[in-house]
Each structure stands twice: as structure tokens, then as C-alpha cells.
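Below is one structure; the comments refer to it alone.
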Amino acid sequence: EIYTLSLHDALPISIHRDFTTIARSAVSLLGRTWRPVLAIHIACTVLATVIVVPSAGMIVRGLLALSGRKVATDQDILIFLLSPVGLLTLVFVATLLVAIVAVEQAALMAIAASTAHQRQLDAWTALRFAWTRAPAILRLASQLVIRCLLLALPFLALAGAIFWVALTAFDINYYLKERPPAFWGAAIAIVVLVVAMVIVIADRLIRWSLSLPVLLFTDTTPRAAVARSAQLTVGRRLTILLLLARSEEHTSELQSPIHI
């Protein structure tokens, strides 16, 4: 039955409603479905920690070995990650991790949609629903990672240029110990750039926050889902930001039945 849900059905907590109503509805819904939700979370966490993360580490070490680099410090690893091969590796690993989170969210959305419409859905069926859409989810995850990287690159390049111009005349330990005016000037400029980068990326992530349900419950492509999400969130981004900010509180509400 979950396969025939429309996008409207998949969003039982409408973003048209006020924040308080949404939050209360979310807590109530999660309180009724905490067992399959917890099972899904455990399954995806195990998958990420047992398979994905160790595999990513092996891939990075293998590429380092093939490149012939001698990695002795964190600076060596950073230099590798900033190389073309390193950037591709970073995108690949980030895509896998984002995809795991997206698969988990897809299964949770299936449970939420079914419960809101008086249907029972166990964890296995919800995971199977998400798994059938894994290729599209992986493509969406890769697009979001690449988009975020492209947004970050100008800020990181400018921060790197500031560091190179202002803090390379002497050993970095000198600047860290003595902290001359050049150090403080460069540090403040870099912090401002990082804050600006976070604001820009956060704004885009809020715009894209409905990409996954659009992809799951409509016949569309990942690229079209991102564009549709940007349209759906117009005028509602503050509400979405508040919901994301309180996600940890909702998680605590969800887990409270375990301690009864």
C-alpha cells in the first residue's frame, strides 16, 4: 500500500500548518511508532559503522598507497584531500554517508505516512520500500553533496588564499604561539568566511529539505525533486529551520517509552 501513496499523503504533517501544531503532531506520531523507528535507526547505524565507514577508510588508505604519498601528519592527509583524487574520494565517501541517512529517512517517511493514514507498517517493509528506491536516493545524495561542495569551494579557496598570504612567512607554530597581528587578522577573516559559508549552505539545505519525499512519492528525477523542493519551501523556510533545530528534542520524546 505504501507504494501508491501520493506526495500529499507522504507529508501528513503539512508544512502549511504553524510550527507548534507541526511539532506536537510530530511528537505524537513518533510516540506511536517508536519501535519500528528505533529498529530502522539501529539497522542503518550498524550498516554505516560496520560497512560504510570502514570501507571508506580502506579506500582512502588504498588511494594513498597507490599515489605513493607518505602520510605522516594531518597536514599530509589534508593535502591529499585537496588534490583531484582526494576531492573525488571525499565526494564518494560523503555521498555514501548521506545516502545511508537518506535511506533511513525514506523508511521513516514510509512509516509516518502509513501511520497517519491508519495503516500499519513494520520496519522490514519500510526498509524494503526505501531499498527499492536506493539508486535514485544515491543519485540525489551525490547531487546534494556536489552542490554543497561547489557552494563551499569559493569560500574555502578565499580562506586558503588568506592563510597562504598572511601565515606562511614563518612556521605555523610561531603564529600559534606568538599570535602576531597578522595571525589575528587572518583568523578573523577566515572565521567570517566560514560563518558566511555555513549560512549559505544552510539556506540551500533548507530549500532542498523536501527533495527526498518529492523523489520518493512522485514520479520524478533527483534533479527535478531538488527544484520542486525549492518551490515548496518558499515562504516556509523559517518553520522548517525551527523544526530542524528541535529535532533532538523530538528524538528524546521518541525514545522516552523505552525507559518506561
Side-chain angles (χ1 to χ4, degrees), residues 6-27 29-30 37 41 44 48 90-91 93-113 116 130 133 136-156 158-159 191-218 220-254:
S6 66
L7 177 60
H8 176 73
D9 293 329
L11 299 173
I13 304 171
S14 173
I15 58 175
H16 292 274
R17 293 154 64 183
D18 64 272
F19 170 72
T20 302
T21 303
I22 294 173
R24 290 175 179 172
S25 299
V27 170
L29 181 62
L30 292 174
V37 168
H41 177 66
C44 291
L90 188 62
V91 169
V93 173
T95 297
L96 285 182
L97 294 176
V98 172
I100 291 295
V101 174
V103 167
E104 178 181 354
Q105 292 301 311
L108 298 181
M109 288 177 188
I111 289 179
R133 287 153 175 78
I137 292 174
L138 185 62
R139 292 197 301 273
L140 176 64
S142 65
Q143 287 193 22
L144 295 181
V145 169
I146 292 172
R147 288 178 185 227
C148 287
L149 181 61
L150 291 176
L151 287 172
L153 278 178
F155 296 96
L156 296 177
L158 188 53
V191 167
V192 170
L193 284 171
V194 171
V195 171
M197 178 185 71
V198 170
I199 292 174
V200 169
I201 293 178
D203 176 70
R204 293 301 187 278
L205 289 177
I206 292 173
R207 294 186 185 189
W208 303 332
S209 60
L210 296 181
S211 299
L212 183 59
V214 171
L215 180 69
L216 293 174
F217 299 103
T218 65
T220 189
T221 63
R223 184 181 297 275
V226 173
R228 180 57 177 156
S229 175
Q231 295 174 356
L232 290 171
T233 56
V234 172
R236 308 178 186 109
R237 289 167 188 162
L238 179 59
T239 298
I240 295 173
L241 178 61
L242 291 173
L243 285 171
L244 293 174
R246 291 189 59 183
S247 61
E248 290 299 324
E249 180 179 338
H250 294 168
T251 300
S252 299
E253 292 285 347
L254 168 64

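Along the sequence shown, residues carry numbers from 1.
- For the salt bridge (charged side-chain N to carboxylate O under 4.0 Å, His left out) condition, the pairs that include at least one residue of residues 191-205, sequence neighbours left out, are Asp203-Arg207.
- Sorted by first and then second residue, the salt bridge (charged side-chain N to carboxylate O under 4.0 Å, His left out) pairs with a member in residues 143-152 form an empty list; sequence neighbours excluded.
- Smallest separation of non-hydrogen atoms from Leu138 and Ala99: CD1-CB, 3.8 Å.
- Here Leu90 pairs with nothing under the side chain to side chain contact (heavy atoms under 4.5 Å, CB included) rule; sequence neighbours left out.
- Side chains of Trp208 and Thr233 form no contact here, defined as non-hydrogen atoms less than 4.5 Å apart.
- A search for side chain to side chain contact (heavy atoms under 4.5 Å, CB included) contacts involving Ser142 returns Thr95, not counting sequence neighbours.
- For Cys44, the side chain to side chain contact (heavy atoms under 4.5 Å, CB included) partners are Ile40, Ile100, Glu104, Leu127, not counting sequence neighbours.
- Using a 4.5 Å heavy-atom cutoff, the side chains of Leu215 and Arg133 are not in contact.
- Two residues are said to be in side-chain contact when any heavy atoms from C-beta on lie closer than 4.5 Å; Leu205 and Cys148 meet this criterion.
- Qualifying side chain to side chain contact (heavy atoms under 4.5 Å, CB included) partners for Ala202, counting only residues two or more places apart in sequence or in other chains: none.
- Nearest heavy-atom pair across Ala106 and Leu212 is N-CD2, 3.9 Å.
- The minimum heavy-atom distance between Ile137 and Ala102, with the atom names listed, is CG2-CB, 3.4 Å.
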